[in-house]
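Each chain gets a letter, A, B and so on, in the order its sequence line appears, and its residues count up from 1.
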Amino acid sequence: MSPIAVIDFETTGISPGQGARATEVAIVLLEGGRVVDRFQSLMNAGVHVPHFITQLTGITNAMVAAAPPAERVMADAARFVGDLPMVAHNAAFDRKFWQAELARAEVQAAQPFACTVLLSRRLYPHAPNHKLGSLVDFHRLPRFGQAHRALADAEMAAALLAHMQHDLRQRWRVACPEHTLLMALQRCAKPAVAALLARHAEPATA
DNA sequence: TGCCAGGCCCTCTTTAGGGCCTT
C-alpha cells in the first residue's frame, strides 16, 4: 500500500484569511497500516498566541518565540511530504493552512487531501459524533500524548485512517483502499456509498 | 453598528437555515 502523509496544524485561530497563522505542524507517514516516519516542529510566524489557544494547546508565546521561522519549517515539511497524497481530520481546515503557509514560504502545494471527517460520516454514520477524540474512543484506538498538540493529533488521525483502511478490507472486502478510493468515497453521496464500495470489493470466493 | 471561516450535510429543505468540525 502506498504511503499517505497525515498532517495536523496547531494555529492561532480558525482562518488564515482572517490573519491566523500556524504555530506547530506534525506529519506522520502511514504505510501498510503503520507509521513509518514522523515530522514535527513548532514554528515562529511572528504573531501573538492568544490566551485561549495557549489554554487549548499548551503552546505559549515563549515556545513559539524560541521556534525556527515558519518559512523554514514549512520548506522542511514540504520536502518531507514530497508528492505524497495527504489526509487530515477536517481537511478543509488543515489544507487552508498548508496552502497559506507554503505560499508564504514560496513553495508549491499541489497534494490532494482526503478528510477523515467526511470518510467517517460515510463509513460510521452511527458514531456519536465525528470529533477526532470521540472517534478514537469509539473505535477503541490508542491515544498519543497531549491532545491538541500537532504530533499527538496527527498520530491519532493516522490511527483512525489505518482503522478505516482495515475496515474497508475486512468489512467491505475492498482489496486496496488507496488514497484515490478515499477521495472518491468522501465525495460520494451517502446513499451511494454501499454501491461504490461494492464496485471495489473483491469477488466472493466459492 | 455589527459583523467578522467555510465546506459539508441534515431537515421542520430545495427561492433556507443551522449544526458539525477544525484552532
Arg122(A) near the nucleic acid: base, sugar-phosphate alone, or nothing, with a heavy-atom cut-off under 4.0 Å?
sugar-phosphate

Using a heavy-atom cut-off of under 4.0 Å over every strand shown, decide if Asp8(A) touches base, sugar-phosphate, or nothing.
sugar-phosphate

Whether Glu155(A) and Arg38(A) form a salt bridge (side-chain N of Lys/Arg under 4.0 Å from carboxylate O of Asp/Glu) is what I want to check.
yes

Tell me the interatomic distance from [X], atom [atom1], to [N], atom [atom2], rounded to whole angstroms.
X         : N       : atom1 : atom2 : answer
Leu118(A) : dC21(B) : CG    : P     : 11 Å
Asn129(A) : dC9(B)  : CG    : P     : 16 Å
Leu135(A) : dT22(B) : CG    : P     : 8 Å
Ile53(A)  : dT22(B) : CD1   : C1'   : 11 Å
Tyr124(A) : dC20(B) : OH    : P     : 22 Å
His126(A) : dC10(B) : NE2   : C1'   : 15 Å
Arg95(A)  : dC8(B)  : CZ    : C1'   : 11 Å
Leu132(A) : dT22(B) : CG    : C1'   : 10 Å

For residues 7-14 of chain A, which side-chain N or O atoms pair as donor and acceptor with protein atoms under 3.5 Å away, sequence neighbours left out?
| from | atom 1 | to | atom 2 | distance (Å) |
| --- | --- | --- | --- | --- |
| Glu10(A) | OE2 | Ala150(A) | N | 3.4 |
| Thr11(A) | OG1 | Gly13(A) | N | 3.3 |
| Thr11(A) | OG1 | Gly13(A) | O | 2.5 |
| Thr12(A) | OG1 | Arg21(A) | N | 3.0 |
| Thr12(A) | OG1 | Arg21(A) | O | 3.4 |

Can you check the distance between [N] and [M], where both ends of the measurement are the [atom1] atom (answer in whole Å)?
N       : M       : atom1 : result
dG18(B) : dT13(B) : C1'   : 12 Å
dC12(B) : dG17(B) : C1'   : 10 Å
dT23(B) : dA5(B)  : C1'   : 11 Å
dT14(B) : dC9(B)  : C1'   : 14 Å
dG19(B) : dC4(B)  : P     : 14 Å
dC21(B) : dG2(B)  : C1'   : 26 Å

Drop me the distance from [X]'s [atom1] to [Y]'s [atom2], to the nearest 0.5 angstrom.
X         : Y         : atom1 : atom2 : value
Met74(A)  : Arg104(A) : CE    : CZ    : 11.0 Å
Leu160(A) : His130(A) : CG    : NE2   : 10.5 Å
Glu178(A) : Leu181(A) : CD    : CG    : 9.0 Å

Sidechain-backbone polar pair: Asn61(A) side chain, Val49(A) backbone, donor-acceptor under 3.5 Å:
yes

Per-nucleotide protein contact string for nucleotides 1-6 of chain B, where B marks a base within reach and S marks sugar-phosphate only (heavy atoms under 4.0 Å, - for neither):
----B-

Classify the side-chain pair His148(A)/Thr57(A) by whether it contains a donor and acceptor separated by less than 3.5 Å.
no

Side-chain N or O of [X] versus OP1/OP2 of [N]: is the shortest distance under 4.0 Å?
X         : N       : result
Lys190(A) : dC10(B) : yes
Arg121(A) : dC10(B) : no
His89(A)  : dT22(B) : yes

His139(A) and Tyr124(A) aromatic centres sub-6.0 Å:
yes

Mapping Phe52(A) and Gln186(A) onto DNA chain B by nearest heavy atom, which one lands closer to the 5' end?
Gln186(A)

